[in-house]
Amino acid sequence: MAFCRSFIHFNPRIHTANFLFPNCPLKTPKSAALSFSAPLSSPPSASMDIPPEGYRRNVGICLISPSKKIFAASRLDIPDSWQMPQGGIDENEDPRNAAVRELREETGVTSADIIAEVPYWLTYDFPPHVREKLNKQWGSDWKGQAQKWFLLKFTGKEEEVNLLGDGTEKAEFGQWSWLSPQEVVDRAVEFKKPVYDEVLKVFSPYLQERRHALL
């Protein structure tokens, strides 16, 4: 499948930690230890809170570059629709592990730090036609998705990004780019925009570019 890549160059003067998730097999072990720091005001167990009934458990990944731009990609099945990576949480899987796995499966990215999370579940309902299509595909009857969102800092090189993912799942995206928060919301499908607004509001302290104080 042909795909193109558009991006904003990283600023080499911005220092980032050179952390790589351990080299792992195609399926990340459920017990894999993850590195994350500076969580939002929530206890470590917040990720395992029970989501609302009737919603599929899901993770969302807000991946940011050193210049504080956000990774987004265009969906192959919905023309002109862009989104941040996301995906379902497997049974008994920790949401943090799911976020790392989904990022790798959808984008090929393994060089990233988890630096924050939204300390509560966010939900959106499927429009009727989307609900019918997805529930037929999944053999379920979900009203929508309940998402646990994580903020990750990209620490690798852009050549690492591969929209064919790690080869374990069908490709979902055609193009990718580093976008501003407003661009991410503007390009999302309508029924996801309220969740995106909330996610980016919670993560906004991490999305501000640092400026040197004038002497």
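Worth knowing before you read on, the calculation uses all heavy atoms, side chains too, and leaves out hydrogens, waters and symmetry mates.
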> Stepwise, does the side-chain contact (heavy atoms from CB on, under 4.5 Å) test hold for L103 with F154?
Replying inline: CA-CA 11 Å; L103 181 64; F154 183 54; over 6 Å; no
> For I115, does its backbone N or O pair with a side-chain atom of D113 as donor and acceptor, under 3.5 Å?
Replying inline: no
>> Nearest 0.5 Å, please: how far is CZ in R75 from CZ in F173?
In response: 6.5 Å
> Going through the distances and angles, do E106 and I61 end up as a side-chain contact (heavy atoms from CB on, under 4.5 Å)?
Replying inline: CA-CA 11 Å; E106 293 188 356; I61 300 106; 5.9 Å; no
>> Using the rule ring pair (Phe, Tyr, Trp, His ring centres under 6.0 Å), only one of Y196, Y124, F203 pairs with W149; which is it?
In response: Y196
> Taking atom CD of Q137 as the centre, does the number of heavy atoms from other residues, nucleotides or ligands within less than 6.0 Å exceed 12?
Replying inline: yes
> Counting distance only, does the side-chain N/O of K68 pair as donor-acceptor with the main-chain N or O of Q208 below 3.5 Å?
Replying inline: yes
> Between R57 and E93, is a salt bridge (Lys or Arg N to Asp or Glu O under 4.0 Å) present by the stated rule, with each step listed?
Replying inline: CA-CA 10 Å; R57 295 171 72 243; E93 184 178 26; over 6 Å; no
>> Around atom CD of E132, are there more than 12 heavy atoms from other residues, nucleotides or ligands closer than 6.0 Å?
In response: no
>> Strictly distance-based, threshold 3.5 Å: is any side-chain N or O of R131 a donor or acceptor partner for the main-chain N or O of W142?
In response: yes
>> I need the minimum non-hydrogen distance between M84 and V184, along with the two atoms involved.
In response: CE-CG1, 3.9 Å
> Between F126 and F191, how do the two ring planes meet: parallel, tilted or perpendicular, split at 30° and 60°?
Replying inline: perpendicular
> Within the distance-only criterion (no hydrogens, no angle test), does the side chain of N58 pair as donor or acceptor with the backbone N or O of G87 below 3.5 angstrom?
Replying inline: yes
> Donor-acceptor pair, E160 side chain versus S111 backbone, under 3.5 Å?
Replying inline: yes
>> Please check this pair: side chain of S177 against backbone of L179, looking for a donor-acceptor N/O pair closer than 3.5 Å.
In response: no
